[in-house]
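Worksheet for the structure shown next.
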Protein chains: 2
Amino acid sequence: MLTERQRMILNAIVDDYISSAEPVGSRSISKRGDVGYSPATIRNEMADLEELGFLEQPHTSAGRIPSHKGYRYYVDHLLPWSSTNPAEIGAIRAFFADKLNQTEQVVQHAAMILSNMTNYTSILLGPEVFHTSLRHFQLLPLDGNHAVAIIVTSTGQVENRTVQIPPEISVSEMEKVVNLLNSKLVNVPLYKLKSRLYSELAEEMQRHISHYEELMKVLDTALESDHEQRIYLSGATNMLTQPEFKDVDKVKTILDLLEETPTLLKMLTPASEGTGIQVRIGTENKHEAFANCSLITATYSLDGKALGSIGILGPTRMEYARVIGILGVLSRDLTAMLAHWYK
Amino acid sequence: MLTERQRMILNAIVDDYISSAEPVGSRSISKRGDVGYSPATIRNEMADLEELGFLEQPHTSAGRIPSHKGYRYYVDHLLPWSSTNPAEIGAIRAFFADKLNQTEQVVQHAAMILSNMTNYTSILLGPEVFHTSLRHFQLLPLDGNHAVAIIVTSTGQVENRTVQIPPEISVSEMEKVVNLLNSKLVNVPLYKLKSRLYSELAEEMQRHISHYEELMKVLDTALESDHEQRIYLSGATNMLTQPEFKDVDKVKTILDLLEETPTLLKMLTPASEGTGIQVRIGTENKHEAFANCSLITATYSLDGKALGSIGILGPTRMEYARVIGILGVLSRDLTAMLAHWYK
DNA sequence: GTTAGCACTCTATCCAGATGAGTGCTAACC
DNA sequence: GGTTAGCACTCATCTGGATAGAGTGCTAAC
């Protein structure tokens, strides 16, 4: 579709614009060593590229900047698959070396590392509860009225919530029920717990246990699967350092969106099932607040199942090559580490 | 120290400036109904107030703005202790009405309510682990090598971490140790757990249990009291709406500080032990990034012991009266609710 | 003690002109 | 035919000066 020279020029323009954030003129492209043409020739090609929709002009007599389509072409066909800087790989490895003993901590720290390395905003989706199953259930009385319900998952995560215990339910009854639950529901995926509770246990409980209704209500709350997906943000303020966001109002809409968990969740969920690294440029993100942003996501997994995902949010003018490299290394290492932990 | 008229004028200036964010001139004060003097008279008083350090002039021929000292005087002596708007009280009460069954959720939602109501940034310190004690300890095997250590506190919070179990330690041994721990360490404050482990249990364990050293190491990790204090931020981007922060760079230093947990922790810890609401104006905050901010904090408590604190961060030009009112209502209600839960 | 009047200060805003980067087009060159 | 030099043109940005307006401080009168 594009001639070799056009690809070369497009590449040069995107590269230049990524590092300078200023519209790129024909002369500055010509001066680079790698393109051996005069400004006039390049101008002609630029006019063609603009007509094809790969470039844009902020106004007559400004240089060109890549359009979304231009970025897309760059990412899909021109991206220098430069191997990630060894120093950066080292930093990531070092991070995995000092082992933290909680998945949550690891994920949180990973987000911080990422945002520090890239100077963009990193978004991390904690291990997805839906793909994990019950390992152990427990009810721990606090006082006459309350108890803590503790759910331990197959990946070692612990969820807990406080429930109210009606006074008419005795401790021994509770224990019976908890034992029943543990014998019948272990290894059931979390999101199926509640339906299984009704389909498999209801009958047996009704037979052996008084105050059936009240107990079911308690269990219902205890197993409530609003297991809020945990989102870890880091470096949100890095947005402020980008020249395209020197306008406070624009930044606000973006940062506001970042505080909105459900929206973020939707954005981070991979479109097609678990295929490596995804790049969403500008309006390819659903939200108009992100019209000037690009989101690069990767997933990490356990046993081939995507557990969570990692995202980097930056301006459309983003160091795609570098970020993709870093994200790749990190998601692979994270996957490897999880496999090693819970093998 | 100040004459009645000076107090009146200072009050008018601070009020005006709080709502307009523009330097206040003598004429606009005179025009207000409540001050019956001509601009000239007010100018004279303003000059005096400036000499005394309560006012500042951005430049000759601009109006006056309150200095930190001026705000301080306003907060200490002039603050209209207006009762909080009933509608706002209603909103807070409504929030407590739909009961959430996790302390964490409550705190998180409270932060959101606060920032939405005030349009400032709210900072909430989760229930302080140091004041709580152990209710139950448990080790739950995950696989041959790992177990989840679960610590339930007297307030129903659940902490957990994954620990490695050396292969030479048998399950029955683990159980013995856990039972011992539960019989000896329940009701011990969390931060004393580790020292008690050594002072009271070491001897007995050494007598009855093999692999003492390895076990101690496991327990040491399990009881590690890095129980990270949880900080909930909400409405951080509200900062961006304030005209004094239209400069991106200033906002960045503030938002960066907000991402720095340890610093925030220090800021929120009440200076004097648990006495109601504290107001820190401008440079009274230790950090220079907060030189143009005011931080208003309140604590919530259980059994008279401060459990955590709530803070509102805004520009020095802040609606002190309103925020203090809201904060008072919220902290009282939070305290009341906790008392009711864990009575 | 209070206030009207006035000169003075300083900022913000507007406008015109200069600057310069970059383009598009044409014609010449290889 | 592709490439390039030359040139006229466009448009955003920068500059400096003039102007308006808000607000003060001082003095003198009430």
Side-chain angles (χ1 to χ4, degrees), chain A residues 2-10 12-17 19-67 70 243-244 246-247 317, chain B residues 2-10 12-17 19-67 70 243-244 246-247 317:
Chain A
L2 293 186
T3 68
E4 192 50 45
R5 194 168 71 186
Q6 283 174 324
R7 295 159 57 96
M8 190 168 146
I9 289 174
L10 179 56
I13 290 175
V14 177
D15 273 351
D16 249 42
Y17 186 65
S19 58
S20 73
E22 302 274 302
V24 184
S26 55
R27 222 176 78 90
S28 58
I29 296 294
S30 170
K31 272 195 301 189
R32 291 168 51 126
D34 52 348
V35 190
Y37 296 98
S38 77
T41 311
I42 291 170
R43 275 204 291 283
N44 287 330
E45 295 287 26
M46 277 159 84
D48 289 351
L49 282 169
E50 185 174 356
E51 202 161 334
L52 290 168
F54 293 101
L55 295 180
E56 283 170 0
Q57 227 175 352
H59 56 88
T60 2
S61 97
R64 302 300 207 293
I65 60 175
S67 67
E244 37 264 271
K246 70 171 194 291
D247 175 21
R317 181 189 62 79
Chain B
L2 294 185
T3 67
E4 192 49 45
R5 194 166 73 186
Q6 283 175 325
R7 293 158 60 97
M8 190 168 146
I9 290 174
L10 179 56
I13 291 175
V14 175
D15 273 351
D16 248 43
Y17 186 65
S19 58
S20 74
E22 301 275 302
V24 183
S26 53
R27 221 175 81 90
S28 58
I29 295 295
S30 169
K31 270 195 300 189
R32 290 168 51 127
D34 52 347
V35 189
Y37 296 99
S38 77
T41 310
I42 292 171
R43 276 205 291 283
N44 287 331
E45 294 288 25
M46 277 160 84
D48 289 351
L49 282 169
E50 184 173 357
E51 201 160 335
L52 288 168
F54 292 101
L55 296 178
E56 281 171 1
Q57 228 176 351
H59 56 84
T60 3
S61 98
R64 303 299 208 291
I65 61 175
S67 66
E244 37 265 90
K246 69 171 194 291
D247 175 20
R317 181 188 64 79

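Throughout, a chain's letter reflects where its sequence line sits, starting with A, and its residues are numbered from 1. If you're wondering where the values come from, they're calculated on a predicted model, not measured in any experiment.
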Looking only at heavy atoms, which two atoms of A:Gly63 and A:Pro58 are closest? And how far apart?
O-CD, 3.4 Å
If I compare all heavy atoms of A:Leu10 with all of A:Gly70, which pair ends up nearest, and what's the gap?
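That would be CD2-O, 4.4 Å.
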In whole angstroms, how far is the [atom2] atom of [N] from the [atom1] atom of [X]?
X: B:Ile42; N: C:dT3; atom1: CD1; atom2: C1'; value: 11 Å
X: B:Gln6; N: C:dG1; atom1: CD; atom2: P; value: 13 Å
X: A:Ile13; N: C:dG22; atom1: CD1; atom2: P; value: 12 Å
X: B:Arg64; N: C:dT9; atom1: CZ; atom2: C1'; value: 13 Å

Point-to-point distance, once rounded to the nearest 0.5 Å, from [atom1] of [X] to [atom2] of [Y]:
X: A:Asp16; Y: A:Ile65; atom1: CG; atom2: CD1; answer: 13.5 Å
X: B:Lys31; Y: B:Ile42; atom1: NZ; atom2: CD1; answer: 11.5 Å
X: A:Met8; Y: A:Ile13; atom1: CE; atom2: CD1; answer: 11.5 Å

Name the stems with DNA chain D in them: runs of three or more consecutive Watson-Crick or G-U pairs, distances under 3.5 Å?
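Expected stems, ordered by start: C:1-30 with D:1-30.
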Where each residue is assigned the nucleotide of DNA chain C containing its nearest heavy atom, which of B:Asn44 and A:Gly63 is assigned the position nearer the 5′ end?
B:Asn44
Take B:Ala40 and B:Ser61, find for each the nucleotide of DNA chain C with the closest heavy atom, and name the residue whose nucleotide sits nearer the 5' end.
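So the residue in question is B:Ala40.
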May I ask you to test the A:Pro23-A:His59 pair for a side-chain heavy-atom distance under 4.5 Å?
no
When you compare the side chain of A:Tyr37 with that of A:Glu45, does any pair of heavy atoms fall below 4.5 Å?
no
Give me the first and last nucleotide of DNA chain D, going 5' to 3', that has any atom under 4.0 Å from a heavy atom of chain A.
D:dT3 to D:dA12
Side-chain donor-acceptor pairs of residues 46-54 of chain A under 3.5 Å, sequence neighbours excluded:
{"unit_1": "A:Glu50", "atom_1": "OE1", "unit_2": "A:Arg64", "atom_2": "NE", "d": "2.7"}
{"unit_1": "A:Glu50", "atom_1": "OE1", "unit_2": "A:Arg64", "atom_2": "NH2", "d": "3.0"}

Distance-only donor-acceptor test, B:Ser38 side-chain atoms vs C:dT3 base atoms, 3.5 Å:
no
So A:Thr60, base contact, sugar-phosphate only, or nothing? Heavy-atom distance under 4.0 Å.
sugar-phosphate
Testing A:Thr41, A:Val24, A:Asp34 for side-chain contact (heavy atoms from CB on, under 4.5 Å) with A:Ile29, which one passes?
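Passing option: A:Val24.
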